[in-house]
K.L.:
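Pasting a structure here, questions to come.
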Amino acid sequence: MSINQSSAFSLHAPHNKASFRPSYLATPTAFSTFINDSTSTITSTQLHGKKAARAQGNDRKNKTVRVKKQKDDVIEVEAVVIESLPNAMFRCSIDGAPETQPPILATISGKIRKNWVKILVGDSVTIELSPYDLTRGRITFRKR
C-alpha cells in the first residue's frame, strides 16, 4: 500500500475551516463594502440581534431626559419622605395635600432596590398609587 492510498482511507476527514463556521459568519451580508473606482470605503455595518439592541441601549444612555413607560392604571404623585420604617417601607406626605390627609405608606420599587438607591427622611420622591387603595404606594424615583 502506498502513502497516497493510506491517506485516502484515513478515519479523520480533512478539515475545511469554512465548513465549521457558523452560518451568520459565512454570509457576505454581515458587512457591506462598496468599491468606488480605485479606492474602497467601508460603510457602517448592519447590526442584527443583540448587537442592534446594545446599540439602541447606548443611544438611550446618552440622553439626559428620563423616559418612562406610561401606565394606565396608576396615579403618580410627588411626595416627601417623613418617616423610615423597617423592611424598606416609608411614610410619605404628598406635596400640596392638606394636612388632614393621612400619610401614604410606600415601599421601594424593584429597580430602586436592585440598584441600591438610598432613600432618606426628607428626600423628594415620585410615588405610584394604586386606584384601589390610595393609602399605599410604590416609590419609583428619588429626586436628586
Side-chain angles (χ1 to χ4, degrees), residues 4 6-144:
N4 291 339
S6 66
S7 65
F9 295 108
S10 174
L11 295 174
H12 299 289
H15 292 278
N16 182 0
K17 287 188 178 182
S19 66
F20 287 98
R21 285 188 185 155
S23 62
Y24 63 88
L25 292 177
T27 58
T29 59
F31 301 98
S32 57
T33 305
F34 295 106
I35 299 173
N36 297 335
D37 298 328
S38 62
T39 62
S40 66
T41 60
I42 299 175
T43 62
S44 63
T45 60
Q46 293 178 337
L47 300 175
H48 302 287
K50 282 186 181 179
K51 290 185 179 181
R54 286 183 186 148
Q56 289 175 351
N58 290 337
D59 293 340
R60 196 170 47 237
K61 284 181 188 176
N62 297 333
K63 292 182 182 177
T64 57
V65 178
R66 181 174 173 242
V67 179
K68 275 188 58 176
K69 294 180 189 174
Q70 290 294 325
K71 295 184 180 177
D72 296 332
D73 58 342
V74 296
I75 303 164
E76 279 197 344
V77 294
E78 302 296 320
V80 177
V81 177
I82 56 174
E83 185 182 358
S84 177
L85 301 170
N87 295 333
M89 300 285 281
F90 298 92
R91 287 208 196 281
C92 303
S93 63
I94 297 176
D95 292 342
E99 300 227 356
T100 57
Q101 181 179 356
I104 295 172
L105 186 62
T107 187
I108 297 177
S109 70
K111 290 253 184 187
I112 291 180
R113 188 169 294 175
K114 185 181 102 176
N115 292 320
W116 293 87
V117 174
K118 304 294 182 196
I119 297 177
L120 303 172
V121 174
D123 284 348
S124 179
V125 293
T126 302
I127 297 179
E128 288 183 352
L129 297 175
S130 168
Y132 304 108
D133 187 5
L134 296 175
T135 61
R136 292 184 171 267
R138 179 186 309 117
I139 297 174
T140 56
F141 188 71
R142 182 181 72 93
K143 303 285 189 284
R144 295 178 184 195

K.L.:
Would you mind writing out the side-chain donor-acceptor pairs for residues 82-90 within the sub-3.5 Å range, not counting sequence neighbours?
P.N.:
none

K.L.:
Does the side chain of T126 reach to within under 4.5 Å of the side chain of E78, using non-hydrogen atoms?
P.N.:
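In contact.
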
K.L.:
Working note: L105 + R91, criterion side chain to side chain contact (heavy atoms under 4.5 Å, CB included); need CA distance, chi angles, decisive distance, verdict.
P.N.:
CA-CA 5 Å; L105 186 62; R91 287 208 196 281; 3.9 Å; yes

K.L.:
Look up atom CG in N115 and atom CD1 in I108, then write down how far apart they are to the nearest 0.5 Å.
P.N.:
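So the gap between those two atoms works out to 11.5 Å.
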
K.L.:
Could you check whether atom CZ of R113 has more than 12 heavy atoms from other residues, nucleotides or ligands sitting under 6.0 Å from it?
P.N.:
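Yes.
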
K.L.:
Minimum heavy-atom separation for I75 to P131, with atom names?
P.N.:
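Smallest interatomic distance, heavy atoms only, reads CD1-CA, 4.4 Å.
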
K.L.:
First locate atom CD1 of I139, then atom CD1 of I119, and finally report the distance between them rounded to the nearest 0.5 Å.
P.N.:
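Those atoms lie 4.0 Å apart.
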
K.L.:
Which heavy atom of I94 sits nearest to which heavy atom of Q101, and what is that distance?
P.N.:
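That closest heavy-atom pairing would be CD1-NE2, 3.6 Å.
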
K.L.:
How about R142: does its CZ atom have over 12 heavy atoms from other parts shown lying under 6.0 Å from it?
P.N.:
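Yes, because the 6.0 Å sphere around CZ of R142 holds more than 12 heavy atoms from other groups.
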
K.L.:
Out of L134, I127, D95, which one pairs with V77 under the side-chain contact (heavy atoms from CB on, under 4.5 Å) rule?
P.N.:
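Filter result, single survivor: I127.
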
